[in-house]
Visitor: 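So that we are looking at the same thing, I have put the structure below in structure tokens.
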Amino acid sequence: MGSPTVVVILGIETSCDETAAAIVRHDGEVLSSVVSSQAALHARYGGVVPEIASRRHLELVTPVVRQALEEAQTTFGEISRLAVTQGPGLVGALLVGLSAAKGMAWASRKPLTPVDHLEGHVASLYLGPEPLEPPFLCLLASGGHTLLLSIREHGRSERLGTTLDDAAGEAFDKGARLLGLGYPGGSEIDRLGREGDRDAFLFPVARVPGLDFSFSGLKTALLYKIRELGEGEMERRRPDLAASYQHAIVRALTARLHEAAERTGLERLAVVGGVSANSALRAALSSARFAPLHLCTDNAAMIASAARYVEPLPYPSYLGLDAYASVA
Ligand code: KG4
Ligand code: ZN
């Protein structure tokens, strides 16, 4: 690496149950992206336990940063600036990453950029080797959010629709729990659904006005179907139930995305967030842009990527930054 003119960003992400650090060059090349998932730790509780997440981030953040530097074959001295997720997410978890980033930036007098996690997901599309450029229509579907965004330029988005109740990833996770599958549920349903018939059961998708989404009725429909089938039959038909349930979510997401495209005239479609790793969704939207799988779920490369389009805060003005739990 060596050249001091090349801007190199260290990104840190700790908003939920992934401790992540990445080294990204200003031209969008990802030099390393390390994600340490705590999923196994939270699995026995069926979801993320905030207090456990914070404690684990505290143990992992330094080793994960060190590993990211090693894998990028660089040193902390060669880092031009830092980027860190400020929100939305679990406040205790966010504070670990934010404090670590502040400490590292302050000690080395480097600038720091606070990044919105959702902007980060969108910025996963801007990374090399084939970055997508605005304008485009973006579906952001994660464990906490389901948003339709019109992206006219880097770092700026207009919200066209959102979920009125559960997020798409939450619907996957809750459905998986009803089906007796592990946590996190999305990838489990995805895996099991491949062995099932997606037309075996018809689950209703609520139609709400405008470009919004609603997934809570779907989960109830699955619950009633499972009760109707009984334990033994549910186990036997689990792949069909997973495939059909997944198909209902995919239908809801793709229908809204196409409607939004028609309304806005935006022709290029993109999907980001953890749910964009779903194989059925990727197959249903073959003309849309998706980030590579490892950049769909939470990671720090996307956080460093988003920071490329924002003026960083100079030393030491970032020391007063606070984390935020929800979208403003
Ligand atoms: O973006 P993300 O990693 O974290 C949040 O910002 O929430 O998204 C996590 C969500 C979880 O609900 C998880 O079940 C879902 O993404 N997910 C999937 C798949 N992989 C992760 N959902 C469906 N199919 C997948 N393959
Ligand atoms: Zn996320």
Side-chain angles (χ1 to χ4, degrees), residues 11-20 22 33 35-39 42-43 46-48 50 53 57 84-90 93-94 97 115-125 138-147 149 162-163 166-179 181-194 196 198 213 215 218-219 242-243 245-254 271-285 290-303 305-306 324-327:
I12 298 175
E13 150 70 39
T14 64
S15 69
C16 192
D17 62 342
E18 259 100 31
T19 317
S33 177
V35 180
S36 176
S37 175
Q38 309 175 3
H42 299 279
V48 180
H57 283 309
V84 64
T85 310
Q86 189 183 12
L90 302 168
L94 287 161
V115 174
D116 183 277
H117 183 80
L118 306 178
E119 293 285 351
H121 273 301
V122 175
S124 65
L125 298 164
C138 187
L139 168 67
L140 191 165
S142 69
H145 299 90
T146 307
L147 299 170
L149 304 167
T162 184
T163 180
D166 293 346
E170 203 177 348
F172 270 108
D173 295 337
K174 287 180 176 171
R177 203 187 303 192
L178 290 173
L179 288 169
L181 302 172
Y183 169 83
S187 48
E188 290 285 304
I189 290 193
D190 193 346
R191 192 182 46 75
L192 192 65
R194 280 176 215 162
R198 69 179 198 186
F213 302 87
F215 290 108
L218 190 59
K219 171 189 70 195
Y245 185 75
Q246 170 173 268
H247 187 46
I249 298 175
V250 168
R251 272 201 325 269
L253 294 174
T254 51
V271 191
V272 298
V275 176
S276 68
N278 185 264
S279 61
L281 185 64
R282 292 172 90 95
L285 289 166
F290 287 82
L293 285 181
H294 66 281
L295 295 177
C296 291
T297 42
D298 288 349
N299 64 87
M302 68 185 198
I303 302 303
S305 176
Y324 54 88
S326 51
V327 190

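Predicted model only: the values in this text are computed from it and were never measured. In each ligand, atom 1 is the first atom listed, and ligand 1 is the first ligand listed.
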Visitor: Quick one: does D173 get an N or O within less than 3.5 Å of an N or O on ligand 1?
Guide: yes

Visitor: Using heavy atoms and a threshold below 4.0 Å, how should the contact between H145 and ligand 1 be classified: side chain, backbone, both, or neither?
Guide: neither

Visitor: Does some non-hydrogen atom of H117 fall short of 4.0 Å from ligand 1?
Guide: yes

Visitor: Heavy-atom distances under 4.0 Å are what count here, so tell me which part of H121 touches ligand 1: side chain, backbone, both or neither.
Guide: side chain

Visitor: Does any N or O atom in G273 lie less than 3.5 angstrom from one in ligand 1, N or O only?
Guide: no

Visitor: Does this structure show an ion pair linking D190 with R194, if we count only N-O contacts that are shorter than 4.0 Å?
Guide: yes

Visitor: Under 3.5 Å, N or O to N or O, is S279 touching ligand 1 that way?
Guide: no

Visitor: Purely on distance, is any nitrogen or oxygen of G143 under 3.5 Å from one on ligand 1?
Guide: yes

Visitor: Does any N or O of ligand 1 fall below 3.5 Å from an N or O anywhere on F172, backbone included?
Guide: no

Visitor: Any chance you could lay out the side chain to side chain contact (heavy atoms under 4.5 Å, CB included) test for I249 and L281, step after step, and finish with the verdict?
Guide: CA-CA 9 Å; I249 298 175; L281 185 64; over 6 Å; no

Visitor: Between S15 and E13, is a side-chain hydrogen bond (donor to acceptor under 3.5 Å, both in side chains) present by the stated rule, with each step listed?
Guide: CA-CA 6 Å; S15 69; E13 150 70 39; 2.6 Å; yes

Visitor: Tell me the protein heavy atom at minimum distance from atom 3 (O) of ligand 1, and give that distance in Å.
Guide: D298 N, 3.0 Å

Visitor: Just let me know how D190 lines up against ligand 1, side chain, backbone, both or neither, with a heavy-atom cut-off below 4.0 Å.
Guide: side chain

Visitor: Work out the angle at the Zn ion (ligand 2) between OD1 of D298 and NE2 of H121, rounded to 10°.
Guide: 100°

Visitor: List the closest protein heavy-atom neighbour of atom 24 (N) of ligand 1: residue, atom name, distance to the nearest 0.1 Å.
Guide: N278 ND2, 3.0 Å

Visitor: Return a yes/no value for E18: is any of its N or O atoms, backbone included, closer than 3.5 angstrom to an N or O of ligand 1?
Guide: no

